[in-house]
Every structure is written in C-alpha cells, then in structure tokens.
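Counting starts at 1 for both ligands and their atoms, in listed order. One-based numbering along the sequence shown. The figures that follow rest on heavy atoms only: side chains count, while hydrogens, waters and symmetry mates do not.
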Amino acid sequence: MAHKGKNVLCGNWKMKLSAAAAKALALELVPLSRELRHSQIWVAPSFTAIPDVAAVVRGSALRLGAQNVYGALEGAFTGEVSVGMLKEFGCEFAIVGHSERRIIFGETNELAAERAAAVLKQGFTVIFCIGETAKERKENLTGEVLEAQLWALLTKISEADGSHLIVAYEPVWAIGSGVVAKVQEIAEAHMTIAAIWKKRFSSACPPILYGGSVTADNFAEIIRLDLVAGALIGGASLTFESMQKLARISEEAGSC
Ligand code: PEP
C-alpha cells in the first residue's frame, strides 16, 4: 500500500482496546482522516476488533491493519493469522517484529525476518520494527543491532518486495517509557537504516517511521527530520484528542 509521500501516523492499539472501544475511536478518526492533506492515519487494532473497525473504515481515508501476521497462505499454525484473512476485512498492512513480539514472545531476528519476507512477497505492506535496547545503546551497539535485524530481512527479499516495506525505528527503551529518543539519536538511526538499505539495493530507501513515546509535546521536531516519514504510536494513539493533536502537528510540518 503506497503512502503517497504523506506522513504516516500509525496507531498501534496493542491489547488495549475492546472491539467496542476500538470501533468508537475509529468512528471519531474517520472524519479527521478525511480532512488531512499531508498525512494519513493508520490503525492496528487487536485481531478481535478488526471486523468492527473494518465496518467503520470501509471507503474512508482511515487505513486498517493488524499488529502481526504470519506468512504462510494457510495451514496448521495455531494462533496465527494469514494475509488472506486480514485482506478479507480490508486490512492493508501489518506490523511485524515489534519489540514486544521479539522480547516477550521470543521472536528472533530470523523469525521476524521470515514472517516479514513471506508477507512482502504477497504484495502486502509490512511495518517492520527494529531497535536497540538501553544496554545495547550504552555499549555503542545500536548500529550493529539495527544492521542485524534489518539485514536478516533484506537478504530474504527482492528490491521489488521492498516496495511494500516500511521500517519503524523503535528504540526499545523509548517504547511506553515516556522517554523519547533525542532528535539527534533518531536522525542518526534513520541514516544508519538508509545506509543498510543502500548496501543491499540501489532503489530509494523505504519510508522510515519513528516509534517510542511519541506525544503531541515532542512530535513537532521529530516529524520535521529529513528521514522521518511518520510515527508508530502506542499510548498516544488511544484517544481521539491525542491523535487530533498529532495530526495537526503533522499537517503543519507538511509532507515528508
Ligand atoms: C509502540 O508500541 O510501538 C510504541 C511506539 O508505543 P509508545 O508510543 O507507547 O511508546
């Protein structure tokens, strides 16, 4: 799914909104999405909320996706959901490799990359999350960690598959912590990601989102950074008021 050069504000609703609450929030976001010229709002509800949210977003400018997906077309994969199942409800993207999947559920670089590669090969948009822990940053390992996580994917895909890819730089220490990365740290990490891409492919680097404690108080300077195409937003995506503020900031900053 092309984001057409617009800033992507992707809400990751995690395991936080019931189907009823997700539907109510989507109902408020639909008219807001319609007003935006330089930005797109994407939402990733829990699987159980997807059907209700799908009914609300159909035909609107609000884009619907999932928090995870498995690459196989069908089969004995208990607990997993395929691209076809998501498409049935109008989903257009899925998040893969979120640090909560990697750390809590033990998804390795290899597994996250295999998932994402298989999904990209089906022409489905993937937001592929990568990022270092606090310990890794302290030990100056950020570049190596980003390279290991992204390289695992880039060696499994073709340049054409990469046209459906969005990378999200999400430092683990910034997720849900209230500690946002400094603009310099974000700029450096995004340049590192672009350089890793260039080592493998000659085409332009995919859009890169920043994620980690984004709020209306810190977003204005982040969205103005050159290599930032938008944000993956957890806590601040759970209310309409907060999303409205973020959308206004994004609109003032203009297209990425
Ligand atoms: C996330 O979970 O991807 C995230 C960025 O969360 P938060 O905005 O709450 O830090």
Residues lining ligand 1 [heavy-atom distance under 4.0 Å, listed by chain and residue number]: Asn12, Lys14, His98, Glu170, Ala174, Ile175, Gly176, Gly211, Gly212, Ser213, Leu232, Ile233, Gly234, Gly235
Look up atom NE2 in His98 and atom CD in Glu170, then write down how far apart they are to the nearest 0.5 Å. 4.5 Å
Listed by chain and number, what are the ring-ring contact (aromatic ring centres under 6.0 Å, His included) partners of Trp197, not counting sequence neighbours? Phe201
Using side-chain hydrogen bond (donor to acceptor under 3.5 Å, both in side chains), reason through Gln40 and Trp42 one step at a time and then give a plain yes or no. CA-CA 6 Å; Gln40 281 185 349; Trp42 298 16; 2.8 Å; yes
Distance only, no hydrogens: is a donor on one side chain within 3.5 Å (strictly under) of an acceptor on the other, for Glu132 and Trp173? yes
Straight-line distance of Thr108 OG1 to Leu111 CG, nearest 0.5 Å: 5.0 Å
Which is it for Glu241 and Lys245 under the salt bridge (charged side-chain N to carboxylate O under 4.0 Å, His left out) test, yes or no, and what are the steps along the way? CA-CA 6 Å; Glu241 292 68 28; Lys245 283 186 197 158; over 6 Å; no
